[in-house]
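Note sheet for the following structure.
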Amino acid sequence: YFNLPPVLAKDVVSALKRGVHITLVVGDKTANDFYIADESAFSTIGIVPYIYEMLLKRFVKRYQHFIDEGLLNIHLWQHDDNSFHLKGIISDERYHLLTGSNLNPRAWALDLENGLLLDDPSHELMTKVTPELMGIMEKTKKINHFTELEAVNDYPIKPKKLLNKIRFAQIDRILKRFL
């Protein structure tokens with residue numbers, strides 16, 4: 001679910017400005033637990049993956065120059081009908097955060113779960129982590145430009161109508177805080 005907490009988004013942007021290379025792997029909207037493929041069965045909860053994709057597109061558009069410079073890599077994961085529920089951070093191949101907590105404002109404000117932060121100065125974990133990362137990356141598509149992500153007008157009729165109502169009422173800003 002792409003909706004970085006403001007403090008994490010600020011740190012990511014700050015790191016990019018310092019020239020740090022960052023790779024984000026995000027589940028495609030179709031790999032979201034709430035995605036409803038059958039439009040005839042679409043219900044309100046099915047809007048969640050579309051909102052996350054809209055947030056991702058805004059982020060990519062805003063920081064497109066970092067992608068163009070090769071500092072920011074965004075990858076969308078999708079594999080068959082599987083969902084993407086992975087969360088974690090690897091920094092400098094040394095620090096590994098393993099957590100069940102979603103990296104979004106709601107989770108950080110309401111239900112922050114336990115996590116494990118590993119400090120591996122000798123990089124011994126990378127021999128095990130690298131094959132796992134390669135397996136994940138095999139199922140991703142790199143986003144080189146924000147136009148590669150769908151826009152509201154590309155969505156099926158029911159999600160498009162609901163999103164337009166939400167945006168018209170300007171409650172998308174409120175929803176961002178709770179998703």
Side-chain angles (χ1 to χ4, degrees), residues 1-29 31-32 48-78 84-126 129-130 132-152 154 163 167 170 172-179:
Y1 310 142
F2 187 82
N3 186 12
L4 295 178
V7 66
L8 185 55
K10 182 180 174 185
D11 286 345
V12 166
V13 173
S14 176
L16 289 166
K17 288 179 180 177
R18 292 191 318 269
V20 174
H21 291 259
I22 294 178
T23 299
L24 298 174
V25 179
V26 180
D28 180 82
K29 74 175 168 291
N32 187 297
V48 170
Y50 295 94
I51 291 173
Y52 284 126
E53 186 175 59
M54 288 173 50
L55 295 172
L56 178 62
K57 185 168 183 149
R58 281 186 208 157
F59 181 85
V60 171
K61 185 175 183 178
R62 184 171 184 182
Y63 300 110
Q64 181 67 51
H65 62 283
F66 290 120
I67 292 172
D68 296 340
E69 293 171 20
L71 291 172
L72 178 60
N73 294 293
I74 306 283
H75 292 263
L76 285 182
W77 183 93
Q78 199 279 326
F84 186 84
H85 207 74
L86 186 65
K87 304 127 184 163
I89 298 173
I90 298 172
S91 177
D92 300 328
E93 296 184 349
R94 174 180 175 166
Y95 301 102
H96 305 261
L97 175 64
L98 310 172
T99 181
S101 183
N102 290 319
L103 303 176
N104 63 41
R106 181 188 176 282
W108 283 32
L110 299 176
D111 63 356
L112 193 58
E113 297 176 23
N114 290 330
L116 183 61
L117 178 62
L118 304 172
D119 181 2
D120 180 25
S122 60
H123 301 234
E124 291 177 36
L125 285 175
M126 290 310 295
V129 170
T130 300
E132 292 292 329
L133 289 174
M134 289 173 58
I136 292 167
M137 297 305 282
E138 284 176 4
K139 306 292 184 202
T140 69
K141 172 188 158 198
K142 185 174 181 192
I143 301 298
N144 295 303
H145 198 268
F146 70 90
T147 56
E148 294 174 38
L149 295 164
E150 287 187 327
V152 174
D154 301 319
L163 282 168
R167 289 169 63 200
Q170 294 187 354
D172 59 332
R173 293 180 188 166
I174 296 168
L175 282 175
K176 183 180 179 205
R177 171 96 172 104
F178 293 104
L179 292 176

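Counting only residues at least two apart or in different chains, salt bridge (charged side-chain N to carboxylate O under 4.0 Å, His left out) contacts with residues 1-27 are absent.
Counting all heavy atoms, side chain and backbone alike, Asp120 lies closest to Met126 at OD2-N, 4.2 Å. Contact record, Leu76 with Asp28: CD1-OD1, 3.7 Å, taken as the closest heavy-atom pair. The shortest non-hydrogen separation linking Trp77 to Lys139 is NE1-CB, 3.2 Å. Taking both residues in full, the closest heavy atoms of Ile22 and Ala15 are given as CD1-CB, 3.9 Å, listed atom of the first, atom of the second, then distance. Nearest approach of Asp68 to Asn144, heavy atoms of both residues: OD1-O, 4.3 Å.
Residues His75 and Ile143 form no side-chain contact, since every pair of their non-hydrogen atoms from C-beta on lies 4.5 Å or further apart. Counting heavy atoms from C-beta outward, Leu71 and Val20 have side chains that stay 4.5 Å or more apart.
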Begin from the C-alpha positions of His96 and Leu117 and carry the test side-chain contact (heavy atoms from CB on, under 4.5 Å) through to its verdict. CA-CA 6 Å; His96 305 261; Leu117 178 62; 6.0 Å; no
Please evaluate residues Leu24 and Asn73 with respect to the criterion side-chain contact (heavy atoms from CB on, under 4.5 Å), reporting the C-alpha separation (whole Å), side-chain torsions for both, the decisive distance (0.1 Å), and the verdict. CA-CA 6 Å; Leu24 298 174; Asn73 294 293; over 6 Å; no
Could you go step by step and tell me if Leu163 and Ile51 meet the side-chain contact (heavy atoms from CB on, under 4.5 Å) rule? CA-CA 8 Å; Leu163 282 168; Ile51 291 173; 3.8 Å; yes
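In terms of the salt bridge (Lys or Arg N to Asp or Glu O under 4.0 Å) criterion, residue partners of Glu150 (sequence neighbours excluded) are, by chain and number, Lys29.
Atom OH of Tyr63 and atom CG of Leu16 lie 8.5 Å apart (nearest 0.5 Å). Atom CG of Asn3 and atom CZ of Phe59 lie 11.5 Å apart (nearest 0.5 Å). Here the CZ-CG distance, from Phe2 to Leu55, works out to 7.5 Å after rounding to the nearest 0.5 Å. A distance of 6.0 Å separates OG1 of Thr23 from CE of Met137, quoted to the nearest 0.5 Å. In this structure, CD in Glu132 is found 10.0 Å from CD1 in Ile90, a value given to the nearest 0.5 Å. One finds the CD1 atom of Ile67 at 4.5 Å from the CG atom of Leu72 (value rounded to the nearest 0.5 Å).
At least one donor-acceptor pair under 3.5 Å links the side chain of Glu148 to the backbone N or O of His145. The backbone N or O of Leu149 lies less than 3.5 Å from a partner atom in the side chain of Lys57, making a donor-acceptor pair. In this structure, His21 contributes its side chain and Gly70 its backbone to a donor-acceptor pair below 3.5 Å. Judged purely by atom type and a 3.5 angstrom limit, His123 uses its side chain to pair as donor or acceptor with the backbone of Glu93.
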